Amino acid sequence: MSQPKVKGRVVISKDGPYLVTGDVPLAEQTIETDSEGGSESWKQGAAYKPQASYALCRCGKSKKKPFCDGTHAQT
């Protein structure tokens, strides 16, 4: 029996960013809330240009969010 091919992959680097490969689409989404503040639905935000691979910020300090700019190395 053959294994299915893995298209996308996310690797969590030690003390660094999420490393994404395999042409995984990337877009912003936010949770919309109801009048009582409860989660209601997802709202589609900006879509980013497709890339074969990219590094996503995990530390929250990048000036190029959602992408990693290497700032984590100084914190």
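These values consider heavy atoms only, across backbone and side chains, with no hydrogens, waters or symmetry-generated copies. Owing to the predicted nature of the structure, the values given are computational and were not obtained by experimental measurement.
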Shared hydrophobic cluster for L56 and L19 (ILVMFWY, side-chain gaps under 4.5 Å):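 No, because L56 and L19 fall into different hydrophobic clusters, even though each may have its own neighbours under 4.5 Å.
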
hydrophobic_cluster_shared for L26 and I31, side chain cutoff 4.5 Å: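 Different clusters: I31 never reaches L26 through Ile, Leu, Val, Met, Phe, Trp or Tyr contacts under 4.5 Å.
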
Side-chain touch K43/Q29, heavy atoms, less than 4.5 angstrom: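 Not touching, per the 4.5 Å side-chain cut-off.
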
Verdict with supporting geometry, V11 and V20, side-chain contact (heavy atoms from CB on, under 4.5 Å): CA-CA 7 Å; V11 174; V20 183; over 6 Å; no

Spacing of T21 atom OG1 and K7 atom NZ [to the nearest 0.5 Å]: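 The OG1 atom of T21 sits 13.0 Å away from the NZ atom of K7.
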
K61 NZ to D69 CG distance, which is reported to the nearest 0.5 Å: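 Between K61 NZ and D69 CG, I get 12.0 Å after rounding to 0.5 Å.
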
Between [X] and [Y], what is the shortest heavy-atom contact and its length?
X: G16; Y: R58; result: O-NE, 2.6 Å
X: S62; Y: C57; result: CB-SG, 3.7 Å
X: H72; Y: P17; result: CE1-CD, 3.8 Å
X: V24; Y: G8; result: CG2-CA, 3.6 Å

Backbone of G60 reached by a side-chain donor or acceptor of K65 within 3.5 Å: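 Between the backbone of G60 and the side chain of K65 there is a qualifying donor-acceptor contact (under 3.5 Å).
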
E32 and S41 side chains, donor-acceptor separation under 3.5 Å: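 Yes.
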
Validation row, ring centre F67 to ring centre Y48 under 6.0 Å: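 Centroid distance F67-Y48: below 6.0 Å, so yes.
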
